[in-house]
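Model, not experiment: these values are computed from the prediction.
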Amino acid sequence: MGIKSIVFDCGGVLLRNGDLSPYRRWEGRLGLDEGALERHLWMGDLWKEAERGAITDVAFWRRAAEGLGLADGADADRLRAEIWETWEIDPRVLALVDRARERYRVAMLTNATDAMEELLAERYGVADRFEEIVNSARVGVAKPDAAIYEELLRRLSLEAGEVVFIDDRAENVAAAASLGMHVAWFLGAAELERQLEPYLNPGAAQAREAAED
């Protein structure tokens, strides 16, 4: 069974941490210890609700701000805007997306709020690189739940063995592998390029194998 699609995660793979100073500024303003804001936003039940679509992106930021003692809606909007500024496209990963598109159907599977598609289209200008964007907030389940991978396969009309899935979280990679997908655990752009090279440049890989025989 040949590979027909390469599927990228978003946060932590295509979108990476850039300048984290907005976190530190807000922590200073709120009297929080370093790292407390990340934990408040991304490691609690509120984020789990948002990534499963139980609450909207707007509600997530409003409630997150309220939990920090920020009752003014303008503060919630400012917090959202400044935290999103910390995320930036990794140009090396985007180059791999473009290389993959030359040979395969390329899709995205992401745990995100209902704002992700618009952000990818309007803020980052990369939504059109992906044939399908399967967003947990739209599906109602999040990685590593098997149901979201099955939804990806349904939308692509492919078998698990026809897909390469890339993610930075070990549990998400393991879940994909357990369904029969080929996987690449993202540890950095250079390592991802090495892992994808047999798919992106199969002729070179075959030549190397022949030379080693």
Is atom [atom1] of [X] surrounded by more than 12 heavy atoms (other residues, nucleotides or ligands) closer than 6.0 Å?
| X | atom1 | result |
| --- | --- | --- |
| R169 | CZ | no |
| W84 | CH2 | yes |
| E118 | CD | no |

From [X] [atom1] over to [Y] [atom2], what is the distance, rounded to the nearest 0.5 angstrom?
| X | Y | atom1 | atom2 | value |
| --- | --- | --- | --- | --- |
| M108 | R129 | CE | CZ | 10.5 Å |
| E193 | R92 | CD | CZ | 10.0 Å |
| S5 | L156 | OG | CG | 5.0 Å |
| L179 | E159 | CG | CD | 11.5 Å |
| L68 | E27 | CG | CD | 10.0 Å |

Please answer whether the main-chain N or O of [Y] pairs with a side-chain N or O of [X] as donor and acceptor at a distance below 3.5 Å.
| X | Y | result |
| --- | --- | --- |
| H182 | G161 | yes |
| T113 | A50 | no |
| N111 | K143 | yes |

Quiz item: Would V139 and F8 show up in the same hydrophobic cluster when neighbours are defined by side-chain heavy atoms closer than 4.5 Å?
Solution: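 Each belongs to a different hydrophobic cluster.
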
Quiz item: Are L30 and L79 linked, directly or through other ILVMFWY residues, by side chains that come within less than 4.5 angstrom of each other?
Solution: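 Cluster IDs for L30 and L79 match.
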
Is [X] salt-bridged to [Y], cutoff N-O under 4.0 Å?
| X | Y | result |
| --- | --- | --- |
| R155 | E151 | yes |
| E66 | R63 | no |
| D57 | R80 | yes |
| R52 | D145 | no |
| E38 | R24 | yes |
| E85 | R123 | no |
| D77 | R62 | yes |

So which heavy atom on [X] is nearest to which on [Y], and how close?
| X | Y | result |
| --- | --- | --- |
| L41 | W47 | O-CB, 3.3 Å |
| N135 | A112 | OD1-O, 3.1 Å |
| W87 | G11 | CZ3-CA, 3.9 Å |
| V183 | A177 | CG1-N, 3.7 Å |
| I133 | L120 | CD1-CD1, 3.9 Å |
| Y199 | I6 | CB-CD1, 4.4 Å |

Quiz item: Relative to each other, are the rings of W42 and F60 parallel, tilted or perpendicular (30° and 60° limits)?
Solution: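 Answer is parallel, since the angle falls under 30°.
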
Quiz prompt | Qualifying residue, where the test is side chain to side chain contact (heavy atoms under 4.5 Å, CB included) with I166 and the options are L192, D9, L109 | solution =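 Between I166 and the candidates, side chain to side chain contact (heavy atoms under 4.5 Å, CB included) is satisfied uniquely by L192.
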
Practice problem: Identify which one of V7, V97, L96 satisfies the side chain to side chain contact (heavy atoms under 4.5 Å, CB included) criterion when paired with V106. | Solution: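 In the set V7, V97, L96, the residue that makes a side chain to side chain contact (heavy atoms under 4.5 Å, CB included) with V106 is V97.
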
Exercise. Indicate yes or no: at least one non-hydrogen side-chain atom of V141 is less than 4.5 angstrom from one of E150.
Key: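 Heavy-atom side-chain distance check fails, nothing below 4.5 Å.
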
Exercise. Any chance you could lay out the side chain to side chain contact (heavy atoms under 4.5 Å, CB included) test for W26 and R78, step after step, and finish with the verdict?
Key: CA-CA 10 Å; W26 279 97; R78 190 156 44 249; 4.1 Å; yes

